[in-house]
Number of protein chains: 2
Amino acid sequence: MSPTTIREVAKYANVSEATVSRVINKKGYVSQETLKQVEDAIKHLNYKPNEVARMLYKKKSNTIALLIPDITNPFFPELAKAIEEVAKKKGYVVVLCNTKSDPEIEKKYVTELTSKYIDGLIIMNQSCEDTVYQNLPFSTVFLDRVDKNKSSYIAVQNQEGGKLATEHLISLGCKSILHLSGPSNIITAVERAEGYQTAMKQHGLLIETKECKYEADYAYQMSQAIFKDGNRFDAVFAGNDLIAAGVLRAAKEIGINVPNDLQIIGYDDIDLCKYTTPQLTTIQQPIYLMGEKAAELLIEKIEGVYDVRDSNYLLPVTLMARGSTKPLDSI
Amino acid sequence: MSPTTIREVAKYANVSEATVSRVINKKGYVSQETLKQVEDAIKHLNYKPNEVARMLYKKKSNTIALLIPDITNPFFPELAKAIEEVAKKKGYVVVLCNTKSDPEIEKKYVTELTSKYIDGLIIMNQSCEDTVYQNLPFSTVFLDRVDKNKSSYIAVQNQEGGKLATEHLISLGCKSILHLSGPSNIITAVERAEGYQTAMKQHGLLIETKECKYEADYAYQMSQAIFKDGNRFDAVFAGNDLIAAGVLRAAKEIGINVPNDLQIIGYDDIDLCKYTTPQLTTIQQPIYLMGEKAAELLIEKIEGVYDVRDSNYLLPVTLMARGSTKPLDSI
DNA sequence: TTGTACGCGTTATCAT
DNA sequence: ATGATAACGCGTACAA
C-alpha cells in the first residue's frame with residue numbers, strides 16, 4: 001500500500017496542494033471553512049507528510065546520529081538513553097550507528113550520514129583520523145574526548161580518573177598494581193593509562209600495563225593466563241567495568257580472594273558493578289550528565305541563531321568504593 | 001559546507017547530469033573518454049550522491065528499522081548486533097528505535113517510519129495493538145512473538161522455556177516456587193508464566209506469580225520486600241536474567257544462601273549470567289540465531305521477486321545449569 | 001484567502 | 001553515446 005500524497009488530499013478536499021501544505025504546517029492564511037475541509041480529508045485519507053520529500057526540500061531531517069563503539073557494552077546504551085531523552089524532548093530522532101571501534105566502519109558511517117541530511121552527529125570514542133570530521137555539512141559534538149581541533153566536545157577527566165583509582169589502591173597499601181587498559185586506539189583508554197602511570201611514578205612503583213579489550217570474556221581469558229602460574233599482583237586497575245568483571249571472575253575461579261589477596265577497581269560504574277560478588281569498586285563517570293550535555297550542546301549548535309562558539313565541558317569523576325577493594329579504615 | 005550536487009559535477013565535466021548519473025550507477029552506455037572525465041570530476045569535487053533525493057525517487061532507502069523495548073537490557077543489544085551483521089552483509093543499514101515497551105512510543109515510531117521509506121521493520125516484543133502493523137507500506141517481521149495475523153515471525157518456545165525452568169526446579173526438590181514474571185503487556189512474559197503454571201499444576205504445586213519489570217534494580221527492591229519478613233520460597237523462576245540478578249543480590253545481602261536455601265533460574269542467558277556469584281542458571285535463548293533468522297527473513301521479504309509467503313520459525317530453548325541451582329546429581 | 005509554478009537532487013524515459 | 005526533461009512529494013515565493 002503506497003501512502004497518500006498531498007496531491008490526493010488536495011483533490012479530495014477540492015483545494016490546491018499549497019493550501020494543504022499551509023494546513024499541515026500551520027503557516028499562512030487559510031479560512032476556517034477550508035481548514036475544516038482539509039483536515040477532514042487528511043483524517044479520512046490518513047495522510048502523513050512524506051518526511052523524505054520534506055528533507056529534500058528543507059535540507060533538514062530532525063535527526064541526530066550517534067556513533068557508538070560497542071552496543072553490547074552497557075556503558076553506551078546508558079549514555080545513548082540519556083541522549084535520546086533530551087533529543088526527543090526537543091523534537092529530534094536519534095539514530096544509532098555501531099562502529100565497533102573500527103576506523104573503517106566509522107569512516108563509512110560518516111560519509112553515508114553526510115548524504116542523508118542528518119542535522120548533527122555525536123561521536124563517542126572516536127577511533128578514526130580527525131580529517132574525517134572536517135568540513136562536514138552538519139554539527140558535531142565529541143563525547144569522551146578532549147579537543148584537538150577546537151570543535152565542541154564533552155570530555156571526562158580521564159587522567160584524573162586513572163590517577164584517582166591508582167592512588168586509592170596505593171593508599172590501601174598496594175605496591176604491585178597491574179593496569180589492564182582498553183584498546184590503545186581509543187583516546188580515553190590512553191588517558192586513563194597515563195593517569196595510572198603518573199600516580200605510579202609519583203610513588204616510585206613499577207608500571208605494568210597490558211592492553212586488553214573492553215570485553216568481559218576477553219578480560220577473563222587474559223586474566224586466567226596472567227594468574228596461571230601464580231599471582232604476583234596485589235591489585236588490578238581495569239580500564240573499564242567489563243574488564244574488572246572478567247578479572248574478578250578469573251580470580252575467584254582460581255581461588256584468589258578478592259579483596260584480601262587481590263583488589264580490583266573498574267571504570268564507568270555501570271549497573272553490573274552492583275551485581276557481582278563482591279561488588280565492584282569503580283571510577284564513576286557521570287553517564288547521564290555526559291549524555292545530557294552532549295545532546296544539549298549539539299542541539300544548541302544545530303539551532304543556534306547566534307553564532308554558537310564551540311563550548312566544551314570537562315566533567316568530573318568520582319570514586320565509588322565497594323567490596324572489590326578493602327575499606328579505607330581497615331588500613 | 002553544502003555538499004556537491006550532480007549538477008556541479010556535470011558542469012565541471014562538461015557533460016549532462018544524465019551522463020553523470022549513468023556513471024554513478026554504472027547503467028547505460030558511456031564512452032571511455034567521458035567516463036574518465038566524469039570520474040575525475042567526481043573525485044575532484046568529492047561528490048557523493050544525495051541519498052535523500054535517491055530515496056524520494058526510488059522509494060527505497062536500504063534501511064531497516066528495529067523496534068527495541070529497552071536498549072539497556074543487554075539481551076536486546078546482543079540481538080541487535082546479530083541483526084546488524086546480517087543486514088550490513090546484504091547492504092542494509094540498521095536504525096535502532098527505543099520504544100521502552102511503551103505502546104504510545106511504539107506506535108509513534110511506526111507512523112514516523114512509514115513516512116521515511118524504510119524498507120523493512122523488525123519488531124521485538126510488540127507492546128501495542130496489532131492494528132498498528134496492518135497495511136504498512138514496508139515489510140515486517142516479528143521477533144519473539146507468535147503469530148496472530150499470519151504475518152512473518154521468529155518465535156521462541158516461551159511456554160516450553162517456562163516449563164523447562166520450572167520442572168528443573170521441581171526435579172531438584174523444590175516445592176514452593178515463586179515466579180517473578182515480566183510485564184504482562186509483553187506476550188513472551190505471559191507465555192513464560194503460562195509454562196510455569198502448567199508445570200506447577202501438573203505437579204500439584206501452588207502457583208505464586210508476581211509481576212515485575214525487566215530491570216535488575218527493580219527486581220532487587222521487590223525481592224528485598226519479599227524477603228523482608230523471612231523467605232518462604234525454596235526457589236525463584238525469574239522472567240529474565242536481570243530479574244534473576246536482582247533476586248540473587250537481595251538474597252545474598254539478606255543472608256539467604258544460594259543455591260542451598262534458595263535456587264534461582266533466569267531467562268535469556270545474557271553475558272551477565274557468568275559474572276555473578278554463583279553464576280546464574282538460566283533458560284538459554286538462541287540470541288544470535290534469532291537475530292540472524294529475523295534479518296534474513298525480512299530481507300527475503302523485501303527483495304523477494306517471487307511471492308515470499310510468510311514463513312515462520314519457532315526456535316528452541318535450552319537449560320543452562322550453573323551455580324544458582326543445585327547440581328542434579330546432588331539429589 | 002487561495003492557486004500557480006518552481007526548486008530541492010536524483011533517476012529514467014525518450015529523443016537525438 | 002549523450003542530452004533534455006519529467007517525475008518523486010513537498011514547501012514557498014509570487015501572483016491573483
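Each chain gets a letter, A, B and so on, in the order its sequence line appears, and its residues count up from 1.
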Do L121(B) and S139(B) pass the side-chain contact (heavy atoms from CB on, under 4.5 Å) test, and can you show the C-alpha distance, the side-chain angles, and the key distance before you say yes or no? CA-CA 6 Å; L121(B) 176 65; S139(B) 308; over 6 Å; no
Pair I154(A)-F142(A), side-chain contact (heavy atoms from CB on, under 4.5 Å): steps then yes or no: CA-CA 6 Å; I154(A) 312 288; F142(A) 293 84; over 6 Å; no
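Contacts of residues 27-37 of chain B with DNA chain D (heavy atom under 4.0 Å): Y29(B), V30(B), S31(B), T34(B).
Mapping N14(B) and A53(B) onto DNA chain D via the closest heavy atom, the residue that lands nearer the 5' end is N14(B).
In this structure, R7(B) atom CZ and dC6(C) atom C1' are separated by 12 Å, rounded to whole Å. One atom, CD1 of I6(B), and another, P of dA12(C), lie 11 Å apart when rounded to the nearest Å. As a whole-Å value, the separation of E51(B) CD from dT10(C) P is 9 Å. In this structure, the CD1 atom of I24(B) is 7 Å from the P atom of dT10(C), given to the nearest Å. Look at CG on N25(B): it is 10 Å from P on dT10(C), rounded to the nearest Å. Put simply, NZ on K59(B) is 14 Å from P on dA12(C), counting in whole angstrom units. Look at NZ on K60(B): it is 24 Å from P on dG9(C), rounded to the nearest Å. Rounded to a whole Å, the NZ atom of K58(B) is 7 Å from the P atom of dT11(C).
Residue-level contact check: V15(B) touches the backbone only, with heavy atoms under 4.0 Å from sugar-phosphate atoms and none from bases. Residue contacts shown for S21(A) include a base, since a base heavy atom lies under 4.0 Å away.
Phosphate contact (OP1/OP2 of dC8(C), side-chain N/O of N50(B), threshold under 4.0 Å): absent.
Using a cutoff of 4.0 Å between basic side-chain nitrogens and carboxylate oxygens, K11(A) and E8(A) are not scored as salt-bridged. Between E85(B) and K81(B) no salt bridge is recorded (no basic side-chain N to carboxylate O distance below 4.0 Å).
Counting heavy-atom neighbours within 6.0 Å of K60(A) NZ, excluding the residue itself, gives a total above 12. The environment of K88(A) atom NZ is dense: over 12 non-hydrogen atoms of other residues, nucleotides or ligands sit within 6.0 angstrom.
When side chains are defined from C-beta on, Q126(B) counts as touching E106(B), because their heavy atoms get closer than 4.5 Å. Contact of the E51(B) side chain with the Y117(A) side chain is not registered, since no non-hydrogen atoms from C-beta on lie closer than 4.5 Å.
Along DNA chain D, the stretch of nucleotides lying under 4.0 Å from any heavy atom of chain B spans, 5' to 3', dA1(D) to dG9(D).
Distance alone, capped at 3.5 Å, is enough to place a donor-acceptor pair between the T114(A) side chain and the V110(A) backbone. No donor-acceptor distance shorter than 3.5 angstrom exists from the side chain of T99(B) to the backbone of I105(B), with no hydrogens or angles considered.
In summary, of the residues considered (L136(A), N135(A), T131(A)), a side chain to side chain contact (heavy atoms under 4.5 Å, CB included) with Y133(A) occurs for L136(A) alone.
Side chains of N62(A) and R54(A): no donor on one and acceptor on the other come within 3.5 Å.
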Using a cut-off of under 3.5 Å, enumerate the N/O to N/O pairs linking the protein to nucleotides 13-16 of chain C.
none

